[in-house]
Visitor: 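Please find one structure pasted underneath; my questions will follow.
Model, not experiment: these values are computed from the prediction.
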Amino acid sequence: MTTEGVDAHNVPHPLFSSLNYGTPKPPTYIYPAILWAKLFGYSVASLRAMSVTVHLLGIVGLYFLAEIFFGWRYALLTVTVASLSPWTWGVSRVAFESLFSVTFLIWGIYLFLRSSKIHFTVLSGLCFAAAIYSYPPFRLQTPLMIVSLIAYAQWKKPRALRSWVCFVLAMVLPIIPLVQKTLSGEIQSRFNAISIFSKGYLNAIHSSGSLKEIIEIFINNYLLHFRWDFLFLTGDPSYVHSTRHFGILSWLDITALGFGLMCLLMLLMKKFRNDNPLFLEKQFILFLVFNILIGVVPAALTNSELPNSLRITGSWPFMCLLSGFFLWQACERWWGCWVVICVVSIVFAASFFNVYFKTFPQESKGMFGYWTLEEANQLKTDEDWLKFLLLYRYQDYNARYFLMQYHGLTCTQSRTTWEGMRDFLKARGTY
């Protein structure tokens with residue numbers, strides 16, 4: 001796109017760009033990446049740096065959002081939780097667009113709650129539209145989240161009709177092309193393949209596809225994301241999403257949830273009710289818990305790689321806010337909790353970073369194209385490159401990348417070369 005004005009399929013300036021794996025790259029990733037690449041280069045490291053930068057902007061947004069609710073101490077603790085979260089640490093350092101949605105969502109909520117003035121309202125709507133564009137799970141979660149946000153905002157301070165109209169228009173108008181492409185099925189191939197409604201999947205598990213069976217599959221998939229090992233021990237089964245040495249929740253999250261559980265038990269026992277944070281801020285807690293729970297729904301509608309921490313990242317900011325809330329409440333009551341939080345944070349960071357930078361690279365290298373790189377380094381003659389293309393005939397993005405890296409081909413030329421190889425193999429019946 002940056003050098004030739006076309007995407008990997010030679011389509012000039014598309015709204016979505018397919019890479020023949022995963023979901024098509026959205027415009028919220030493609031067009032900022034063009035500017036980023038011009039400034040910092042076209043390397044893998046450069047595009048990974050863009051993803052982590054966007055994620056850091058989301059953490060900054062969490063600070064301002066938390067500050068709106070309960071001030072800077074709460075905001076500081078929320079950001080500490082977010083910064084040490086295994087849930088997003090790994091995937092924020094891969095060239096994925098998934099966490100773009102999280103950042104847009106955070107800033108959308110912040111702008112919405114910051115002020116009911118028109119310009120804040122319009123910017124909020126645009127952020128939510130960008131979140132919906134960036135990652136498919138947010139196309140279901142964001143509208144549900146907005147319903148809860150409206151209820152919470154109306155409870156805090158009712159808004160004028162003009163503000164609501166501007167908000168709706170700012171969000172709805174930009175996503176009209178997305179709705180059209182979704183209804184036409186143009187960008188639905190990935191979801192159609194991995195959804196629990198897929199005929200191929202239902203046939204594979206010998207399901208009739210009845211409503212009862214679909215509901216049972218959904219519930220089972222949903223509950224997988226609340227398993228003890230997924231939350232606290234080993235995390236996501238995929239090395240792309242997790243180190244496999246920690247759950248998706250950090251030790252700081254676990255400390256916060258321990259205090260939250262104490263509050264819940266005291267509330268159930270009707271002790272210290274008037275001083276219980278769960279009672280004093282019940283609307284806020286309900287807002288967070290509702291959004292944590294609905295963030296799991298998109299993942300439960302899929303049939304592969306479950307439980308999946310990436311597809312439930314819409315729950316992540318609300319989990320950070322909840323953990324930060326419990327830690328803040330504990331610190332407001334007992335100042336010694338600040339020491340506990342510091343110790344837990346330092347010990348966990350030391351343990352996690354040791355695994356992430358030493359053990360994890362060796363254990364996960366097969367998931368990040370390491371063997372492809374090794375093969376490409378060994379096969380550099382034209383004759384051997386035919387073997388490489390044959391080996392990766394079903395993964396054109398791998399073959400084309402190395403044609404561009406080692407043979408100096410442009411994106412357009414690499415596509416022509418690869419298609420020629422594919423046609424040759426088809427003629428010989430080996431494709």
Side-chain angles (χ1 to χ4, degrees), residues 1-64 88-111 119-120 122-139 142 170-171 173-178 181 186-187 310 313 317 368-369 397 400-405 408-415:
M1 288 287 289
T2 309
T3 59
E4 300 176 59
V6 295
D7 71 357
H9 295 276
N10 295 344
V11 178
H13 301 100
L15 186 63
F16 286 87
S17 177
S18 175
L19 297 180
N20 287 356
Y21 73 99
T23 57
K25 289 291 183 183
T28 48
Y29 180 90
I30 297 171
Y31 295 98
I34 291 175
L35 177 60
W36 182 277
K38 286 183 176 180
L39 293 173
F40 302 107
Y42 314 115
S43 68
V44 172
S46 171
L47 292 178
R48 287 187 172 191
M50 184 180 77
S51 293
V52 79
T53 299
V54 171
H55 181 56
L56 289 173
L57 290 175
I59 293 178
V60 171
L62 263 180
Y63 179 90
F64 289 113
T88 55
W89 179 277
V91 292
S92 72
R93 284 151 179 78
V94 185
F96 286 165
E97 70 277 10
S98 313
L99 295 184
F100 283 45
S101 284
V102 178
T103 296
F104 285 126
L105 190 76
I106 291 169
W107 281 100
I109 297 171
Y110 166 74
L111 292 166
H119 60 284
F120 281 100
V122 169
L123 287 173
S124 174
L126 291 174
C127 282
F128 288 139
I132 292 171
Y133 264 102
S134 298
Y135 191 43
F138 284 76
R139 293 166 199 169
T142 304
M171 183 180 66
L173 291 179
I175 65 173
I176 290 176
L178 173 64
K181 288 184 177 295
E186 183 178 341
I187 56 174
L310 190 61
T313 47
F368 290 93
Y397 49 90
R400 292 177 60 191
Y401 173 78
F402 288 103
L403 282 173
M404 294 166 67
Q405 290 292 309
L409 272 60
T410 65
C411 181
T412 304
Q413 291 168 341
S414 73
R415 179 174 174 82

Visitor: How far does CG of Leu403 sit from OG1 of Thr410, to the nearest 0.5 angstrom?
Guide: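 If I round to the nearest 0.5 Å, the distance is 10.5 Å.
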
Visitor: Walk me through it: do Tyr29 and Phe100 pass the test ring-ring contact (aromatic ring centres under 6.0 Å, His included)?
Guide: CA-CA 8 Å; Tyr29 180 90; Phe100 283 45; 5.4 Å; yes

Visitor: Taking all heavy atoms of Arg48 and all of Ala95, pick out the closest pair and write down the distance.
Guide: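 In terms of heavy atoms, the two residues are closest at CG-N, 3.7 Å.
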
Visitor: Does a side-chain heavy-atom distance below 4.5 Å link Ile30 with Phe16?
Guide: no

Visitor: Looking only at heavy atoms, what is the nearest atom pair of Thr23 and Pro136, with distance?
Guide: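 For Thr23 and Pro136, the tightest heavy-atom pair comes out as CG2-CG, 3.7 Å.
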
Visitor: Would you list the pairs meeting salt bridge (charged side-chain N to carboxylate O under 4.0 Å, His left out) in which at least one residue belongs to residues 97-110, sequence neighbours left out?
Guide: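 Applying salt bridge (charged side-chain N to carboxylate O under 4.0 Å, His left out) to every pair that reaches into residues 97-110, excluding sequence neighbours, yields Lys25-Glu97.
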
Visitor: Looking at side-chain heavy atoms only, is the closest gap between Tyr42 and Thr3 below 4.5 Å?
Guide: yes

Visitor: So, for Ala33 and Leu47, which heavy atoms are closest and what is the spacing to 0.1 Å?
Guide: CB-CD2, 4.4 Å

Visitor: Give the minimum heavy-atom separation between Ala131 and Leu105, together with the two atoms involved.
Guide: CB-N, 4.1 Å

Visitor: When you measure from the side chain of Ser134 to the backbone of Ala130, do you find a donor-acceptor pair of N or O atoms at a distance under 3.5 Å?
Guide: yes

Visitor: Has the side chain of Arg93 got a donor or acceptor atom that lies under 3.5 Å from a matching backbone atom of Val52?
Guide: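 No: the side chain of Arg93 does not pair with the backbone of Val52.
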
Visitor: Taking all non-hydrogen atoms of both residues, which atom of Pro317 and which atom of Thr313 are closest, and how far apart?
Guide: CD-O, 3.4 Å

Visitor: Does Thr142 reach the main-chain N or O of Arg139 with its side chain, forming a donor-acceptor pair under 3.5 Å?
Guide: no

Visitor: Using atom types as modelled and distance alone, determine if a side-chain donor or acceptor of Ser124 lies under 3.5 Å from a backbone N or O of Gly108.
Guide: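 Checked: pair present.
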
Visitor: Quick one: does Ser101's side chain have a donor or acceptor within less than 3.5 Å of a partner on Phe138's backbone?
Guide: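 No, the answer is negative, given that no donor and acceptor are paired below the 3.5 Å cut-off.
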
Visitor: So which heavy atom on Phe104 is nearest to which on Thr28, and how close?
Guide: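 Of all heavy-atom pairs spanning Phe104 and Thr28, the closest is CE1-CB, 4.1 Å.
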
Visitor: May I ask you to test the Thr412-Arg415 pair for a side-chain heavy-atom distance under 4.5 Å?
Guide: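 When only atoms from C-beta onward are counted, Arg415 and Thr412 do not touch, as no gap falls below 4.5 Å.
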
Visitor: If I take atom CG from residue Asp7 and atom CG from residue Leu15, how far apart are they, to the nearest 0.5 angstrom?
Guide: 11.5 Å

Visitor: Below 30° counts as parallel, above 60° as perpendicular, anything between as tilted: where do the rings of Trp107 and Tyr110 land?
Guide: perpendicular

Visitor: Would a 4.5 Å heavy-atom cut-off, applied to side chains only, mark Val91 and Ser98 as touching?
Guide: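 Side chain of Val91 against side chain of Ser98, heavy atoms only: no contact under 4.5 Å found.
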
Visitor: In the structure I gave you, are the side-chain heavy atoms of Arg400 and Cys411 within less than 4.5 Å of one another anywhere?
Guide: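 In contact.
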
Visitor: Side-chain contact test, heavy atoms from C-beta onward, threshold under 4.5 Å: evaluate it for Ser17 versus Met1 and give yes or no.
Guide: no

Visitor: Can you tell me how far CG of Leu56 sits from OG1 of Thr103, rounded to the nearest 0.5 angstrom?
Guide: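 Going from OG1 on Thr103 over to CG on Leu56, the span is 8.5 Å.
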
Visitor: Are any non-hydrogen side-chain atoms of Val102 and His55 less than 4.5 angstrom apart?
Guide: no

Visitor: About how many Å separate CD1 of Ile175 and CD1 of Ile132, when rounded to the nearest 0.5 Å?
Guide: 4.5 Å

Visitor: CE/Met50 to CG/Leu39 distance, rounded to the nearest 0.5 angstrom?
Guide: 11.5 Å

Visitor: Does some side-chain heavy atom of Ser51 sit less than 4.5 Å from a side-chain heavy atom of Leu99?
Guide: no

Visitor: Keeping Trp36 on the side-chain end and Tyr31 on the backbone end, is there a donor-acceptor pair under 3.5 Å?
Guide: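 A pair under 3.5 Å: no.
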
